[in-house]
Number of protein chains: 2
Amino acid sequence: MMNIGQAAKFSGVSAKMIRYYEQIGLIPKAIRSDAGYRHYSSLDVHSLRFIRRARDLGFSVEQISELLVLWCDRDRASGDVKALALSHVAGLRAKIAELQAMAQTLEHLADHCHGNERPDCPILADLAEPTAAAQQRSQAPLRTPRFGGDTPASSRIRAATATRS
Amino acid sequence: MMNIGQAAKFSGVSAKMIRYYEQIGLIPKAIRSDAGYRHYSSLDVHSLRFIRRARDLGFSVEQISELLVLWCDRDRASGDVKALALSHVAGLRAKIAELQAMAQTLEHLADHCHGNERPDCPILADLAEPTAAAQQRSQAPLRTPRFGGDTPASSRIRAATATRS
DNA sequence: TTAAAGCTTCCCATAATGGCAAGGTCAAGG
DNA sequence: CCTTGACCTTGCCATTATGGGAAGCTTTAA
């Protein structure tokens with residue numbers, strides 16, 4: 001049993017985020033000492049590591065909630081996990097394509113910009129009046145705020161089906 | 001001269017965002033009718049189109065603010081514009097690399113998952129205890145919330161050096 | 001005993017966008 | 001002249017995941 005600071009250090013998840021995850025119900029409420037300090041077991045730390053790793057792989061908290069449910073379900077079908085993972089990969093690929101289109105368009109424009117002291121600049125010219133040439137599919141991101149938004153996130157997570165039961 | 005709805009329609013920027021851009025000082029305060037309605041000229045719409053296009057190319061509002069300054073500066077050096085564009089491209093490329101690392105890791109894991117009714121799943125196994133194999137550089141995004149965070153954004157923009165002067 | 005380090009909760013901020021609500025305005029039609 | 005509907009205004013709330021900071025209590029080491 002350790003305090004939140006230790007759990008943070010061992011899991012790689014900041015204390016701040018651990019409290020946040022508890023608050024939104026991604027992890028169950030930690031047991032408290034008499035003074036109100038949260039206490040974590042190495043099992044809890046294990047869960048946190050899982051979460052950390054999933055975050056590193058770009059899963060949203062919402063998706064991690066689902067992953068945790070599957071993780072704890074001894075009768076899960078690996079197909080469900082795979083489907084979740086692949087749908088996330090699809091989201092990543094879509095985002096990558098979008099960013100690549102932007103980068104490509106910009107690089108194309110930059111290639112034609114002398115980049116000297118003179119004011120004439122095809123980059124600004126294109127921003128002012130887009131030429132069909134560079135118009136690819138960078139327009140209308142359809143449903144992409146700036147990224148990170150792959151899942152709409154229902155409301156409150158309340159899965160907390162993690163370790164402690 | 002047109003109302004905000006028309007300007008929105010012609011520029012592709014929502015009325016909501018036009019007000020927002022005005023509020024943060026990206027564009028100058030619109031002139032108002034006696035009743036308080038904002039009015040826009042086709043020149044204003046032109047600025048808004050510029051902004052819209054820049055957003056489509058992934059520039060942050062902060063960066064767009066700089067682009068607008070350059071756009072309006074007859075004595076700009078195209079090198080400054082190019083530098084700004086290329087630094088943004090670098091940010092995009094970095095993000096792309098990060099997402100690709102995630103996607104690749106996940107695809108690799110998914111490849112080894114049967115995806116059937118059985119519970120054994122290498123994806124969950126890896127999330128639980130990462131194996132060096134898939135550990136590439138997906139860890140520690142260094143300074144990347146979820147994306148969009150390329151520029152720290154000082155405080156308030158207050159450039160408003162756009163059209164109307 | 002005291003100081004430092006750690007914990008708690010609460011509030012604020014981020015980037016860019018949408019939604020909703022209450023209320024004023026304007027134009028067209030009766 | 002009045003109503004209706006479309007449009008405008010402001011203001012507030014929500015989103016995602018994360019960090020910062022303050023005020024106050026606890027624990028620990030000296």
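Just so it is clear, the structure is predicted and the values come from calculations on it, not from any experiment. Letters A, B, ... are given to chains in the order of the sequence lines, protein chains preceding strands, and every chain is numbered from 1.
The side chain of B:K16 has D:dC12 as its nearest neighbour among C:dT8, C:dT17, D:dC12. For B:R19, counting side-chain heavy atoms from C-beta on, the closest listed nucleotide (C:dT17, D:dC8, C:dT8) is D:dC8. With D:dA17, C:dT17, D:dG11 as the candidates, the nucleotide lying closest to the side chain of B:R55 is C:dT17.
Rounding to whole angstrom units, CG of residue B:N3 and C1' of D:dA6 are separated by 11 Å. One interatomic measurement links the two molecules: CE of B:M17 to P of C:dA16, which rounds to 8 Å at whole-angstrom precision. Put simply, CD1 on A:I18 is 14 Å from C1' on C:dT8, counting in whole angstrom units. As a whole-Å value, the separation of A:Y20 OH from D:dT16 P is 7 Å. For the pair B:Y40 OH and D:dC7 P, the interatomic distance rounds to 16 Å; values are reported in whole Å. Rounded to an integer number of Å, the gap from B:E22 CD to D:dT10 C1' is 12 Å. Atom pair A:F59:CZ and D:dT16:C1' shows a separation of 17 Å (rounding to whole Å applied). The distance from atom CD1 of B:I24 to atom C1' of C:dT17 is 12 Å, rounded to the nearest whole Å.
The side-chain heavy atoms of B:H39 and B:S33, taken from C-beta on, include a pair separated by under 4.5 Å. Between B:I27 and B:D44, every side-chain heavy-atom pair lies at or beyond the 4.5 Å cut-off. With a 4.5 Å cut-off on side-chain heavy atoms, B:L68 and B:I51 count as touching. Under the 4.5 Å side-chain criterion, counting only non-hydrogen atoms from C-beta, A:I123 is not in contact with B:L67. In this structure the side chain of B:Q100 never reaches within 4.5 angstrom of the side chain of A:L92, judged on heavy atoms.
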What pairs of nitrogen or oxygen atoms, one from the protein and one from nucleotides 1-4 of chain C, lie under 3.5 Å apart?
none

Atom pairs under 3.5 Å: protein N/O with N/O of nucleotides 24-27 of chain D:
{"from": "D:dT26", "atom 1": "O4'", "to": "A:Y37", "atom 2": "OH", "distance (Å)": "3.2"}

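Nearest heavy atoms, B:V45 versus B:M2: CG2-CE, 3.7 Å. Here the shortest heavy-atom pairing between B:R49 and B:F10 reads NH2-O, 3.0 Å.
Residues B:E22 and B:R19 are not paired through a salt bridge, judged by the lack of any N-O separation under 4.0 Å between the basic side chain and the carboxylate.
Close to D:dT18, at under 4.0 Å from its OP1 or OP2, lies no side-chain N or O of A:S14. At the phosphate of C:dC7, neither OP1 nor OP2 sits under 4.0 Å from any side-chain N or O atom of A:R32. Residue B:Y21 has a polar side-chain atom (N or O) positioned under 4.0 Å from OP1 or OP2 of C:dT17. Phosphate contact (OP1/OP2 of C:dT9, side-chain N/O of A:R38, threshold under 4.0 Å): present.
Checked by atom type, the side-chain pair A:S78/B:D120 shows no donor-acceptor distance below 3.5 Å.
Few gaps surround CZ on B:R93; more than 12 heavy atoms of other groups in view lie less than 6.0 Å from it.
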